[in-house]
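Start at 1 and go down the list; that is how both ligands and their atoms are numbered.
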Amino acid sequence: MDPVRGTYDLYDKEMLIHSEIVETLKYIAKNFDYSEIKTPIIEKSNLYNHSTGDSSDIVQKEMYTFLDKGNRELALRPELTAGVVRSFISNKIYGKRDPQYKYFYYGEAFRYERPQKGRYRQFYQFGVEFFGDNSEYADVETIALANSIISKLNLDSKIVLKVNSIGSSSEREEFNKLLRKYFSKYEDDLCTDCKTRLELNPMRILDCKIDSKKDFFKNAPTLKQSLTPDSIDRFVTVLNLLDDMDIKYVEDETLVRGLDYYNDLVFEFVYDNTYTLIGGGRYDSLVKEMDGPQTPAIGFGLGIERVIEAFKTENQELLDEFSNKVDIVYGGLIPQAFPIIIKSMTNLRNAGLVCSCLFEKSNLKTILKHANKVEAVYLVIIGEEELKNKEIKVKNLITGDEETKTLESFEVDIIKKDY
Ligand code: HAM
């Protein structure tokens, strides 16, 4: 049976790369004083109506919702920010470490999208949420963290950081009014999605891949016309700070993000002109709207699959290093060898070495082939002759050197690592 459409299994090399990348991301976030948070995969589905937003594609058409056996309406989380904010409020995390709270997370997310390269129905997100600091420095520090991830994974050369300011909620309301008025004239020419957007959130028409290519799009009102001087000043300060930190960006007036909770700064790191690896922005009203205390916040999320895909393309020379390393492969050529081997493996495993043994099909050829496949460093053979002489045959598979010695001396030497 195949896995469900849009999902996939992780094992062997891909699993190793995945884990290594996640560890790297966690390490960088900790370096920026973030702590890990884990929230449930299932939440009440209306959590997302009230946060991610009724007008977002995610809530409109991509959410996996179901009734549980107690008739509760639940959802598999389509993103992790809403759950983190819910947790921030329901655990009263606010007030515990005034005034800043910085959390990173990693876990599965689910969206009923059309599967294609870099787009899955079950995927993994890593993200950060920074609560309690409304300054432009917090904006820039958050982008700097995302930028560190890009640099650490050696993706800089093909990344474009796009930034925009979508203003406060009242400015956005004003802008939406202008857009609604303008696009209503072209309603018949809008794509099906944008017809709905016209009603719910006209700003989303701006990042529509279909309608943005149409002629009437060129004279649409621009966001800047609706921003107050304060919002523009704030944005300019952020841009100046990015310049100071030598973080390259492009301003993109059409960048509005697909989730409803954002205000002011929004940003995306786009790889190779194809897909967004990292997306985020400020969301200063969400905690309050979800019945918590007024708390400014900013964060971003990234898709692990997309980051891995980009990492593999840009770092092909490193990929060979991702393999399960085995230190010692044992081979028993007669059944009486195995009790001795099991004891020896226990000793060396306790000392932190990776040992394995083929208990069946143990002829020399198979054992040697296996040892080479798992890239073992040592091959230890115990056959009739060795058993009789209370010795083992050891082959260093890197140098090719072979010798016969006692098992005890091999163990002592290899633990001392001066073998
Ligand atoms: P988002 O832009 O919806 O934002 O998703 C963030 C990232 O998740 C995307 O840039 C992409 O790399 C990845 N992603 C999204 N959908 C898929 C998919 N179907 N398959 C694979 N990867 C995907 C958020 O989710 C916000 N919570 C980000 C955020 C955090 N904003 C503030 N804090």
Side-chain angles (χ1 to χ4, degrees), residues 4-8 18 21 25 29 34 37 39 43 47-48 51-53 55-64 76-88 101-131 138-139 142-143 145-146 149-150 153 155 159-164 166 204 207 255-272 274-287 295-311:
V4 172
R5 187 165 143 78
T7 71
Y8 64 96
H18 184 106
I21 298 262
L25 302 179
Y34 280 76
I37 188 166
T39 61
E43 295 274 0
L47 168 68
Y48 300 103
S51 54
T52 316
S55 79
S56 66
D57 285 353
I58 294 177
V59 170
Q60 285 261 313
K61 33 182 201 185
E62 294 168 1
M63 211 152 67
Y64 281 89
L76 299 181
R77 62 185 178 200
E79 55 123 10
L80 280 73
T81 307
V84 172
V85 172
R86 200 257 321 122
S87 171
F88 184 72
Y101 308 86
K102 294 161 120 179
Y103 290 102
F104 72 84
Y105 50 79
Y106 153 73
E108 297 83 348
F110 304 82
R111 295 184 191 177
Y112 193 77
E113 296 197 79
R114 188 182 306 160
Q116 59 187 63
K117 197 171 175 214
R119 188 184 292 160
Y120 299 87
R121 290 185 173 167
Q122 175 178 331
F123 58 101
Y124 294 86
Q125 272 195 344
F126 175 90
V128 306
E129 311 297 350
F130 181 175
F131 297 101
D139 292 3
T142 308
I143 290 186
L145 165 49
I149 291 174
I150 296 297
L153 300 177
L155 307 177
I159 283 284
V160 174
L161 163 62
K162 295 183 175 177
V163 291
N164 193 20
I166 57 170
R204 290 290 324 281
D207 68 0
L255 180 67
V256 294
R257 304 276 299 133
L259 300 86
D260 287 0
Y261 44 63
Y262 294 112
N263 62 274
D264 294 297
L265 180 70
V266 288
F267 58 91
E268 287 187 354
F269 286 76
V270 180
Y271 174 70
D272 205 17
T274 50
Y275 43 59
T276 303
L277 293 188
I278 304 179
R282 186 160 275 291
Y283 53 97
D284 293 332
S285 316
L286 187 58
V287 178
T295 310
I298 180 166
F300 64 75
L302 61 81
I304 300 280
E305 291 78 2
R306 295 186 189 185
V307 166
I308 289 176
E309 205 49 47
F311 174 80

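- Just one of R119, R121, R5 meets the salt bridge (charged side-chain N to carboxylate O under 4.0 Å, His left out) condition when paired with E113; it is R119.
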Could you go through ligand 1 and note, for every N or O atom, any protein N or O atom closer than 3.5 angstrom, writing the atom names and distance to 0.1 Å, or 'none'?
| from | atom 1 | to | atom 2 | distance (Å) |
| --- | --- | --- | --- | --- |
| ligand 1 | 2 (O) | R257 | NH1 | 3.0 |
| ligand 1 | 2 (O) | R257 | NH2 | 2.9 |
| ligand 1 | 3 (O) | R111 | NH1 | 3.0 |
| ligand 1 | 3 (O) | R111 | NH2 | 2.9 |
| ligand 1 | 4 (O) | R257 | NH2 | 3.0 |
| ligand 1 | 5 (O) | Q125 | NE2 | 3.2 |
| ligand 1 | 8 (O) | Q125 | NE2 | 3.1 |
| ligand 1 | 10 (O) | T276 | O | 3.3 |
| ligand 1 | 12 (O) | T276 | O | 3.0 |
| ligand 1 | 12 (O) | L277 | O | 3.0 |
| ligand 1 | 12 (O) | G303 | N | 3.0 |
| ligand 1 | 16 (N) | R111 | NH1 | 3.3 |
| ligand 1 | 19 (N) | E113 | OE2 | 2.6 |
| ligand 1 | 19 (N) | Y120 | O | 2.8 |
| ligand 1 | 20 (N) | Y120 | N | 2.9 |
| ligand 1 | 25 (O) | R111 | NH2 | 3.2 |
| ligand 1 | 25 (O) | Q125 | NE2 | 3.1 |
| ligand 1 | 27 (N) | E79 | OE1 | 2.5 |
| ligand 1 | 27 (N) | T81 | OG1 | 2.7 |
| ligand 1 | 27 (N) | Y261 | OH | 3.0 |
| ligand 1 | 31 (N) | Y262 | OH | 2.6 |
| ligand 1 | 33 (N) | T81 | OG1 | 3.3 |
| ligand 1 | 33 (N) | E129 | OE1 | 2.8 |
| ligand 1 | 33 (N) | E129 | OE2 | 3.1 |
| ligand 1 | 33 (N) | F300 | N | 3.3 |

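- In this structure, E268 pairs ionically with R257, as a charged nitrogen and a carboxylate oxygen lie closer than 4.0 Å.
- In plain terms, the two heavy atoms of G107 and L80 that are nearest each other are N-CD2, 4.2 Å.
- The minimum heavy-atom distance linking E305 with F123 is given by the pair OE2-CA, 3.3 Å.
- Between the R282 side chain and the L265 main chain, no donor and acceptor come within less than 3.5 Å of each other.
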Original post:
Where do F131 and Y101 land on the ring-ring contact (aromatic ring centres under 6.0 Å, His included) test, with the steps shown first?
Top reply: CA-CA 5 Å; F131 297 101; Y101 308 86; 7.2 Å; no
